[in-house]
Amino acid sequence: MLRHSHHHAVRPARFRLEFAAFCEANRDAYVRYAQVRIDDQAEARRCVDAVLDALGARWVAVLGGERPAACAWRDLRTETAQRTACAAGRAGRFHAFLREDQADMMLLHYHLRLPIDGAAGLMGLADHEARALLRGAERDLRTLLGNCGA
């Protein structure tokens, strides 16, 4: 698990403003996602704080990558999975049946009701990639339900 020692993300010395804007733009959605996965609001906030603290510590390197949002999303997905003992609620069950990226897109779009472009932005994906994930997830769920005799 990522460790953190305070409640607000560490501000990197360089690109401080960009990091603050990134945190401001994404923190609420990250917490909502983590809360569905973890099923505990306080733990979800601690999870997001840990992810953003770790991200802030390497922000300059992250900015040099192709998609900073994708890097942050992978970190968030990993950290929430580590903090989740079992699938939480109906939305958490997506992760039991689908690939992680498909499950995340289903959770963001259908459970948290984010528009596809908003979910894509959070995950660091292009809109067409997000739409393809959603279609694949829907197809896989239909196949799974069909195989269960539903």
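FYI, side chains are in, hydrogens and waters are out, and symmetry mates aren't considered; it's all heavy atoms of this structure.
With contacts defined as side-chain heavy-atom distances shorter than 4.5 Å, the pair Asp40/Gln35 does not qualify. At a threshold of 4.5 Å between non-hydrogen side-chain atoms, the residues Leu141 and Phe94 count as touching. In this structure, Arg83 and Arg37 have side chains that are not in contact, with every pair of non-hydrogen atoms separated by 4.5 Å or more. Val48 is not listed as a side-chain neighbour of Val51, based on a closest heavy-atom distance of 4.5 Å or more.
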For residues 96-104, which side-chain donor-acceptor pairs fall under 3.5 Å, sequence neighbours excluded?
{"from": "Arg99", "atom 1": "NE", "to": "Asp101", "atom 2": "OD1", "distance (Å)": "3.1"}
{"from": "Arg99", "atom 1": "NH2", "to": "Asp101", "atom 2": "OD1", "distance (Å)": "3.2"}
{"from": "Arg99", "atom 1": "NH2", "to": "Asp101", "atom 2": "OD2", "distance (Å)": "3.0"}
{"from": "Gln102", "atom 1": "OE1", "to": "Arg99", "atom 2": "N", "distance (Å)": "3.4"}
{"from": "Gln102", "atom 1": "NE2", "to": "Asp140", "atom 2": "OD2", "distance (Å)": "3.2"}
{"from": "Asp104", "atom 1": "OD1", "to": "Tyr33", "atom 2": "OH", "distance (Å)": "2.6"}
{"from": "Asp104", "atom 1": "OD1", "to": "His95", "atom 2": "NE2", "distance (Å)": "2.6"}
{"from": "Asp104", "atom 1": "OD2", "to": "Trp73", "atom 2": "NE1", "distance (Å)": "2.8"}
{"from": "Asp104", "atom 1": "OD2", "to": "Arg77", "atom 2": "NE", "distance (Å)": "2.6"}
{"from": "Asp104", "atom 1": "OD2", "to": "Arg77", "atom 2": "NH2", "distance (Å)": "2.8"}

Residues 114-125 side chain polar contacts: donor-acceptor under 3.5 Å, at least two apart:
none

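A salt bridge links Arg46 with Glu43; the closest basic N to acidic carboxylate O contact falls under 4.0 Å.
Atom CG of Leu76 is separated from atom CG of Leu55 by 10.5 Å, given to the nearest 0.5 angstrom. Distance check, rounded to the nearest 0.5 Å: CG of Leu52 to SG of Cys47 gives 9.5 Å. Atoms CD and OG1, on Glu79 and Thr84 in that order, are 9.5 Å from each other to the nearest 0.5 Å.
Residue pairs meeting the ring-ring contact (aromatic ring centres under 6.0 Å, His included) criterion with at least one member in residues 125-146: none, sequence neighbours excluded.
Here the two rings, on Trp59 and Phe15, have centers that are 6.0 Å apart or farther.
Closest approach of Tyr110 and Leu134 over heavy atoms only: CE1-CD1, 3.7 Å. Across Ala72 and Phe22, no two heavy atoms sit closer than the pair CB-CZ, 3.6 Å. When all heavy atoms of Ala44 and Ile38 are compared, the pair lying nearest together is CA-CD1, 4.1 Å.
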